[in-house]
Amino acid sequence: MHNRNVMKAGLQWFALLLVIISGAVSAQAQGFMVKPAVLELSARRGEAIETQIEVRNATERLLKIEVISGGLGQQDSGGAKLLEPTDERSTTAARSCFPWLKLDSTELDIPPLMSGKVNLKIKVPLGVHGFYSAALRVRNKPPENLKPKELALVVQFTVPILITIQGTPARERIAPVDASMRFHPKDKDHPATTHVVLSVCNSGETFGRVHGRMTVFAMVKNAWRQVLQTDVGENVALLPGYTINIAQDIRRSLPPGKYKLQAYLTLAGRYKGRVERIVDFAGDPNVKSLIEDAALTFTPDNLEIRSTPNAMRSAVVTVTNNGVDVANVRCGLMMPKELDGVTMGTVKGTDLSCTKWATVEPREFTLQPGRRKAVRIILNHPEEETVTPNYYANLLFVATNNEGQGTGDWRVPVWVRNGRLPSTPRAQGVTIEIDELDTNKYTVTAKYANVGNIHLEPTATAGVTTFAGDGVASTTMTAEKARVLPLSMIVFSGEFNLSKVEEGNYTVTVYMKSEAKITTLELPINVVVKDEVRVVTIVDKEQLPEAAQPPADAAEAPPAEVTPPDAAEAPPAEVTPPAEADVPQPATVPEPNTTNPVAQ
C-alpha cells in the first residue's frame, strides 16, 4: 500500500459537504463520515499506487453509499468542485489525473454504526511531472419505497485527490493580479457591508495555499488616509490553471469616494508580489463619514495560564483604547481552528481546547478614548481533563462604533498549562519538494507536523550540499505562522540561486529547529548545466550507485558551510510589502463559528 495522507490541519478549503433535499425527507438525517477528507500523495512516474477511503455509517439504519470519481475544478470564489465524469474537462484538463483512477467499487451497503471501504488504484503514466488532481464524490442514496410527501436527505462529500509527481521540478507561477472592492446593500438578514477582493492567478504547474493582505486608503482633503488593513484569505488553496477572487468581508460600510488598495500575497511565507489599484467606489450612499479601525492594544498579547485539574484559575488581559473614537467591544473564547477536525491516535483536536471550561468577564463593554479595561478569563479546570498537559483557545475581541459598524477584530492566543503532566515537544517531517521559480532559481518547500503535546515555535534553514557534505547554496526558510499547535502542520519555503553550482549530484536538506532539536528532511537532486542554465532533476535515492549515496550522518546537523546567506541575498525574516504599505499588523477577521459567543 502506498498512502502518504496528510492530516486535515490547514486543508479546510477541501472539507466540502453538500446537503441536498431529494424527493422526500425522513425524520432522521442520514449521517456518515468519510476518512480521509483529502488524499494528498507523492508518486514517481510510472508508479502504481493503491489507497482507500473509509465511510462510516453514523446512523442506526443501513446506508447505501455511492462513490464516483471525476476531475477537480475550482470556482471563481476559490471553492473546490467535482467535475462530473462526463465533463470533458475531467479528462482533457492539463492537470487532471482522473484518467489514472480506478475504483474497485462504486456502491457500498454499510450496516448501522459500521464502516465500509472503497479501494482506489492510481496508475501514474510515464512522462508526467508537477501537480495533478482529481476528486471522489461520496453520497448516500435515498431510501427506496418512500411514502408520499416524505423527503430523503442526501449528504454529499467531495474528497480531493492531490498528487505531486517526483522527478523534474514543476514551474511555480503564482501571483496577485488585481484588487477591488464590492458593496453589499443591507437585506433582511444582514447589515450593509463591504468586501475587499484579491484576485490571484496560478499559471504554473504547482499547487499552492496562499495568504493575502490588503490595506485600504481613502482620499481625504487631497491626501491618502489609511482606513483599515486586513488579511484576505488564509491558507486558500489554488489549483494550477485557475484565477480566483478571494473576498474578505470588512464588516463595515464605506462612503462613496476615491480609494487606494494595496495588496500583497505570500505563499508559505514567501513574498509573491503586490498589486495597487485606485478605484472610484460607489460605496454606501447612506454613510457620510469614514469608519476607521479602532486603535485597540492588548496587554499581554499572548496569555499563559498555569492550572491543574479540579482547580480554579484566572488571568487578565488589559484592553486600551489609543484612538479618538468610542469603541464598543464584545469578547469571548473560541477554539483555534487548527484544532478542528484533527486527530492523532486517540487524541482529538477538541481535547486540546479549554473553551468548554473557561469563561470571560465582562462579555461586553464600552471603551472611551484613552481608557482601558481589564478582561478576566476564569478557568474551572475539571478533574477529568488530564488527557494533555496543554490546552489552547483564542480570546476574540470584536469592536463596533456607536452606529454599529465594525471597526476591527483581534485575537489574543491563550495557553493553559496543566501542571500534572509533562510536555513532550516533537516534530515530524512530512514532505519536501523543489520547484522551478526562474532561470537557475528554485524553491524548496518542506512540510512538518507537530506530533507532540505542546505548541512549537520553530525556525528553518535549508542547504544544498554535495554528498561529501560541502555546502554550495543555502537559504533562510519562511512560514505563514510562528506558532504551531499540537496536531497541526507548518509549511516552510525558501529560494535557492543555483547559478554557480556545477554539474553533479547533491542533497537538498531542510533543518527545522525547535526546542533545541533539529528535524531534517532530505531530497537528492541531480544538476545538469545546459548553456549556463541549471536543470534540476529529483533523484530516487534507492537508484543511486552505492558510491554516490550520501553518507548516513549527512543530515544530523547543518554543515558549517550551510548558513543563512548575506542580508543582500536572503529573503527577509518577516515578509513585508514595500515601505509605502508597511503599516500596523491587521486585525484578523474570524470565521463564523456557532460556538463563538461573539459570532452568535
Side-chain angles (χ1 to χ4, degrees), residues 12-14 16 73-81 173-187 189-203 207-219 224-267 271-285 287 290-293 405-409 480 575 577-578 580-581 583 585-592:
Q12 289 86 353
W13 175 76
F14 290 115
L16 304 177
Q74 192 158 16
Q75 300 169 357
D76 175 74
S77 61
K81 61 181 179 181
R173 300 289 187 272
I174 296 176
V177 293
D178 200 7
S180 60
M181 290 199 300
R182 300 171 183 166
F183 171 61
H184 292 260
K186 177 181 178 180
D187 59 32
D189 298 318
H190 304 95
T193 189
T194 305
H195 289 182
V196 293
V197 182
L198 177 60
S199 300
V200 184
C201 176
N202 185 351
S203 59
F207 167 79
R209 296 183 178 90
V210 296
H211 180 193
R213 183 170 292 174
M214 188 178 299
T215 308
V216 179
F217 300 86
M219 178 65 75
W224 292 115
R225 189 169 85 189
Q226 182 180 319
V227 178
L228 64 95
Q229 188 184 56
T230 182
D231 288 347
V232 184
E234 182 180 353
N235 211 28
V236 178
L238 183 54
L239 295 173
Y242 285 89
T243 296
I244 62 174
N245 297 305
I246 309 171
Q248 179 64 58
D249 186 352
I250 64 172
R251 301 188 180 186
R252 73 188 78 168
S253 283
L254 297 178
K258 188 178 291 294
Y259 292 85
K260 179 168 65 173
L261 310 177
Q262 291 180 344
Y264 75 97
L265 188 76
T266 57
L267 173 67
Y271 177 66
K272 293 299 296 178
R274 56 167 286 168
V275 293
E276 180 175 308
R277 295 288 184 268
I278 295 177
V279 298
D280 291 315
F281 185 50
D284 188 344
V287 175
L290 284 170
I291 302 170
E292 301 178 7
D293 279 343
Q405 294 280 352
T407 54
D409 297 19
E480 293 286 4
V575 178
E580 59 266 30
V583 290
Q585 293 295 310
T588 302
V589 179
E591 297 291 334

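Nothing fancy with the numbering, it's 1 onward along the sequence.
Between Arg209 and Glu234 no salt bridge is recorded (no basic side-chain N to carboxylate O distance below 4.0 Å).
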Practice problem: Starting from the C-alpha separation in whole Å, work towards a yes-or-no answer on side chain to side chain contact (heavy atoms under 4.5 Å, CB included) for Val227 and Asp293. | Solution: CA-CA 6 Å; Val227 178; Asp293 279 343; over 6 Å; no
Q | Pair Glu276-Phe217, side chain to side chain contact (heavy atoms under 4.5 Å, CB included): steps then yes or no | A | CA-CA 11 Å; Glu276 180 175 308; Phe217 300 86; over 6 Å; no
Would Val216 and Met181 satisfy side chain to side chain contact (heavy atoms under 4.5 Å, CB included), going step by step from the backbone distance to the final call? CA-CA 10 Å; Val216 179; Met181 290 199 300; 4.3 Å; yes
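Contact of the Met214 side chain with the Leu228 side chain is not registered, since no non-hydrogen atoms from C-beta on lie closer than 4.5 Å. Ser253 places a side-chain heavy atom less than 4.5 Å from the side chain of Phe183. Using a 4.5 Å cut-off on side-chain heavy atoms (C-beta onward), Ile174 and Val210 make contact. Side-chain contact between Arg274 and Gln262 is present, with heavy atoms from C-beta onward closer than 4.5 Å. Asp231 has its side chain within reach of His211: a pair of non-hydrogen atoms, C-beta onward, lies under 4.5 Å apart. Side chains of Leu238 and Ile244 form a contact here, defined as non-hydrogen atoms less than 4.5 Å apart.
With rounding to the nearest 0.5 Å, the separation of CD1 in Ile278 from CE in Met219 is 7.0 Å. Here the CD1 atom belonging to Ile250 is positioned 9.0 Å from the CD atom belonging to Gln405, to the nearest 0.5 angstrom. The distance from atom CZ of Arg182 to atom CD of Gln248, rounded to the nearest 0.5 Å, is 12.5 Å.
When all heavy atoms of Leu290 and Ala218 are compared, the pair lying nearest together is CD1-CB, 3.6 Å. For the residue pair Val177 and Cys201, the shortest heavy atom distance occurs at CG1-CB, 3.8 Å. The heavy-atom pair separating Ala179 from Val275 by the smallest distance is CB-CG2, 4.0 Å.
Thr215 and Gln229 are linked by a side-chain donor-acceptor pair at a separation below 3.5 angstrom, with hydrogens and angles left out of the test. Thr266 and Glu480 form a side-chain donor-acceptor contact under 3.5 Å, judged by distance and modelled atom types alone.
With hydrogens and angles ignored, the 3.5 Å screen pairs no side-chain donor or acceptor of Asn202 with any backbone N or O of Gly241. A donor-acceptor distance shorter than 3.5 angstrom exists from the side chain of Gln74 to the backbone of Leu239, with no hydrogens or angles considered.
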Check residues 190-200 and write down every donor-acceptor pair under 3.5 Å in which the side-chain atom is one partner and the other belongs to a residue at least two apart or another chain.
residue : atom : partner : partner atom : Å
His190  : ND1  : Asp187  : OD1          : 3.4
Thr193  : OG1  : Asp249  : OD1          : 2.5
Thr193  : OG1  : Arg251  : N            : 3.4
Thr193  : OG1  : Arg252  : N            : 3.4
Thr194  : OG1  : Arg252  : O            : 3.1
His195  : ND1  : His184  : NE2          : 3.2
Ser199  : OG   : Asn245  : OD1          : 2.4

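Partners of Lys186 under the side chain to side chain donor-acceptor pair (under 3.5 Å) rule, at least two apart in sequence or in another chain, do not exist in this structure. With sequence neighbours excluded, the residues forming a ring pair (Phe, Tyr, Trp, His ring centres under 6.0 Å) with Phe281 are Tyr259, listed by chain and number.
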